[in-house]
Each structure stands twice: as C-alpha cells, then as structure tokens.
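Here's the structure, in structure tokens; my notes come after.
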Amino acid sequence: MSLVLTDLRVTYPDGDRVLTAVDEVTLQVDAGQLVAVVGPSGSGKSSLLAVAATLLRPDSGRVVIGGVDTGGLSAAGRARLRLAEVGIVFQQPNLLASLTAVEQILAAHHMRGRSVRQQRRAAAELLAAVGLDGKQHRRPHQLSGGERQRVNIARALSGRPSVLLVDEPTAALDHDRGRQIVELLAEITRQHQVATVMVTHDTEHLEHADEVVEMRDGRLSALSSHR
Ligand code: ADP
Ligand code: MG
C-alpha cells in the first residue's frame with residue numbers, strides 16, 4: 001500500500017493573517033520505501049505528518065492511503081483507517097510511565113479492540129525484533145532514550161500498519177544511537193513493506209533513505225534519490 005499526498009496546503013491563523021505551514025506539497029511513498037523529509041525547525045514538517053496521519057485536515061489537497069481518499073471519509077472513518085493502517089511515532093516517546101514495554105504494546109492492542117491475552121507473545125516478539133530482547137518488563141524510567149524510542153516504534157508497528165510516520169526519531173539521541181534507530185526504521189520498512197516517512201531536522205544518516213526531500217517554508221523539493 002502506498003501513501004499519496006497531493007497539492008497539500010495547511011494554514012494556521014496568525015493574528016490578522018494566516019501562516020502557510022504546508023504549501024502545495026506533493027509526495028508519494030510506496031510500500032517498502034523510506035522517504036526522509038529534512039528541513040529546519042518551523043518549516044512545516046510536523047504539520048505535514050499530522051495531515052498525512054489524518055490527524056489534521058488540510059485546507060486543500062488530498063491524502064490517499066492504500067487507494068482510499070481520506071478526504072471523503074467521516075471523522076469515524078478516518079479514525080478507523082488510522083488505527084488499521086497508520087503507525088505514528090511522535091518526537092517524544094509518549095509512553096505511559098506506569099506500563100512496562102510489553103504493556104505499552106498491549107495497551108495499543110486494547111485500543112484496537114483486540115484480545116490482549118492473544119497478543120502477549122506477538123508483542124514480546126516485536127520488542128525482540130527492535131532490539132529489546134530481555135527488556136520487555138521494564139518501565140520507561142528503566143530504559144534509555146534510544147530504548148524508549150524503540151518501544152515507541154514497536155508500538156507503532158503493532159497494528160501492522162501499511163504507512164509509518166516518524167517525527168524526529170533521533171532528536172533526543174546521540175550520533176550512534178540515532179544511526180541505529182534510522183537503520184532500524186530502514187530495516188522495518190523493507191521487512192514489513194511499509195511506506196515510511198521520516199521527518200528530521202538533522203542531515204545525518206540519510207544514506208538509509210530511498211529518497212530525501214527538503215522542506216523549506218512549507219515547500220518541498222527533491223534533494224536526492226539513492227536507490
Ligand atoms: P516543523 O515540524 O518543521 O518544526 P511545524 O509544522 O511544527 O514545523 O510548524 C510549521 C509552522 O507552523 C511554524 O511556523 C509553527 O509555528 C506553525 N504552527 C505549527 N502548529 C501550529 C498550530 N497548531 N497553530 C498555529 N501555528 C502552528
Ligand atoms: Mg516538528
């Protein structure tokens with residue numbers, strides 16, 4: 001399944017005027033492809049992700065996920081599509097302080113209305129797959145920043161999404177741990193054949209992306225295509 005963004009425009013009220021955060025952005029991400037969106041702070045990257053996630057409605061333009069034009073869906077329909085098809089990794093690993101790593105994933109299953117008991121083993125396997133073998137019963141304060149981000153990624157993958165949207169996954173990490181997270185995202189993208197968008201303000205580790213695009217003042221331009 002692919003993610004197709006066409007002519008997206010997002011504005012915010014700004015005093016008497018409007019601020020254009022996303023300005024006629026078009027981007028296609030196919031299954032198994034990792035696209036990196038780089039750009040300075042304030043260039044509109046998070047707004048673009050929020051629209052792609054159907055969390056924010058664009059002023060104009062289309063968001064098509066797996067062939068479904070989300071503009072034609074009700075709020076409930078969008079929520080269903082999001083739960084079924086979209087994995088979101090926010091910049092801050094918004095983990096619940098009282099839950100262990102495996103419970104973070106089970107809580108997400110619970111939200112999808114799935115039986116938690118049947119998912120326990122799959123959740124443990126997913127944590128092992130992101131490099132957290134033996135740490136599934138740790139709570140967030142017992143994990144490093146990089147490990148918390150891995151739990152965050154595992155949780156986003158737990159619903160088997162076809163689209164993965166990742167906002168500044170390496171912002172809180174040092175160089176090596178940042179590289180490991182980007183490598184993990186690239187590996188997941190290929191293995192699970194998800195369409196992944198990774199937003200980042202730093203220009204490191206971009207060699208793991210299939211395509212790099214740059215955002216400036218809400219506008220997108222191609223930087224490079226590797227593969
Ligand atoms: P980035 O993620 O690249 O830092 P954002 O999408 O967060 O960029 O922000 C783009 C622009 O939109 C910035 O000027 C920011 O201040 C503004 N902005 C973001 N969210 C809102 C909001 N909810 N209301 C008003 N302005 C916003
Ligand atoms: Mg941002």
Side-chain angles (χ1 to χ4, degrees), residues 3-29 33-65 70-71 75 78-79 82 86-95 145-146 148-153 155-156 161 163-175 177-179 181-182 184-186 188-189 194-206 208-224:
L3 169 70
V4 184
L5 311 175
T6 313
D7 296 336
L8 285 178
R9 189 175 182 79
V10 176
T11 63
Y12 298 112
D14 183 22
D16 301 337
R17 309 199 295 179
V18 292
L19 179 114
T20 304
V22 176
D23 196 359
E24 299 300 319
V25 165
T26 292
L27 180 68
Q28 170 158 352
V29 189
Q33 202 188 14
L34 172 64
V35 172
V37 179
V38 297
S41 176
S43 59
K45 305 183 300 297
S46 293
S47 299
L48 180 66
L49 276 196
V51 171
T54 76
L55 291 168
L56 178 67
R57 263 187 184 262
D59 292 48
S60 57
R62 289 190 305 151
V63 175
V64 178
I65 296 174
T70 62
R78 284 200 304 279
R82 201 183 306 132
V86 184
I88 307 170
V89 179
F90 291 109
Q91 187 168 349
Q92 296 296 330
N94 48 338
L95 302 175
R148 283 198 286 271
Q149 195 56 286
R150 286 168 192 270
V151 176
N152 206 11
I153 291 167
R155 182 178 54 182
V163 171
L164 184 62
L165 305 170
V166 190
D167 201 350
E168 310 255 11
T170 63
L173 305 179
D174 63 34
H175 179 86
R177 285 178 215 284
R179 177 175 46 76
I181 290 293
V182 177
L184 173 65
L185 287 169
I188 283 166
T189 299
V194 286
T196 302
V197 181
M198 177 184 75
V199 151
T200 170
H201 73 267
D202 70 39
T203 48
E204 289 182 325
H205 320 306
L206 295 178
H208 299 289
D210 297 299
E211 200 182 330
V212 181
V213 292
E214 185 177 29
M215 199 142 185
R216 275 195 185 268
D217 296 330
R219 290 187 157 266
L220 211 60
S221 56
L223 262 193
S224 68

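We count ligands from 1, going down the list as the structure has it; atoms in each ligand are counted the same way.
With hydrogens and angles left out, the side-chain atoms of Tyr12 and Thr20 include no donor and acceptor closer than 3.5 Å. Between the side chains of Asn94 and Arg155, a donor-acceptor pair is found at a separation under 3.5 Å.
For atom 12 (O) of ligand 1, the closest non-hydrogen atom on the protein side is Leu19 CD2, 3.2 Å. Ranking the protein heavy atoms by distance from atom 7 (O) of ligand 1 puts Ser46 CB, 3.7 Å first. Ranking the protein heavy atoms by distance from atom 10 (C) of ligand 1 puts Gly42 O, 3.5 Å first. Nearest protein neighbour of atom 5 (P) of ligand 1, counting heavy atoms only, is Ser47 OG, 3.8 Å. If you check which protein heavy atom lies closest to atom 3 (O) of ligand 1, you get Lys45 NZ, 2.8 Å. When only non-hydrogen protein atoms are considered, atom 27 (C) of ligand 1 lies nearest to Tyr12 CD1, 3.2 Å.
Between Asp14 and Arg17, no side-chain nitrogen of the basic residue sits less than 4.0 Å from a carboxylate oxygen of the acidic one, so the salt-bridge criterion is not met. Ionic pairing of Asp23 and Arg9 is present here: one or more N-O contacts between side-chain nitrogen and carboxylate oxygen are shorter than 4.0 angstrom.
Among the atoms of Ser46, an N, O or S atom is found under 2.8 Å from the Mg ion (ligand 2).
With hydrogens and angles ignored, the 3.5 Å screen pairs no side-chain donor or acceptor of Glu214 with any backbone N or O of Leu220. Counting only distance, with no hydrogens or angles, the side chain of Lys45 and the backbone of Gly39 share a donor-acceptor pair below 3.5 Å. Side-chain N or O atoms of Arg82 include one that pairs as donor or acceptor with a backbone N or O of Thr54 at under 3.5 Å. Side-chain atoms of Asp59 come within 3.5 Å of backbone N or O of Thr11 as a donor-acceptor pair.
Checked by distance only, ligand 1 and Pro13 stay at 3.5 Å or farther apart across all their nitrogen or oxygen atoms. Where the criterion is an N or O separation shorter than 3.5 Å, residue side chain and backbone included, Ala21 fails it with respect to ligand 1.
With distances taken over non-hydrogen atoms, the option nearest atom 8 (O) of ligand 1 out of Gly44, Pro40, Ser41 is Gly44.
Rounded to the nearest 0.5 angstrom, Thr6 OG1 and Leu27 CG are separated by 9.5 Å.
For atom 24 (N) of ligand 1, the nearest protein heavy atom lies under 4.0 Å away. Distances from atom 15 (C) of ligand 1 to the protein include no heavy-atom value under 4.0 Å.
Between Ser43 and ligand 1 there is a heavy-atom distance shorter than 4.0 Å. Within the 4.0 Å heavy-atom shell around ligand 1 one does not find Ala50.
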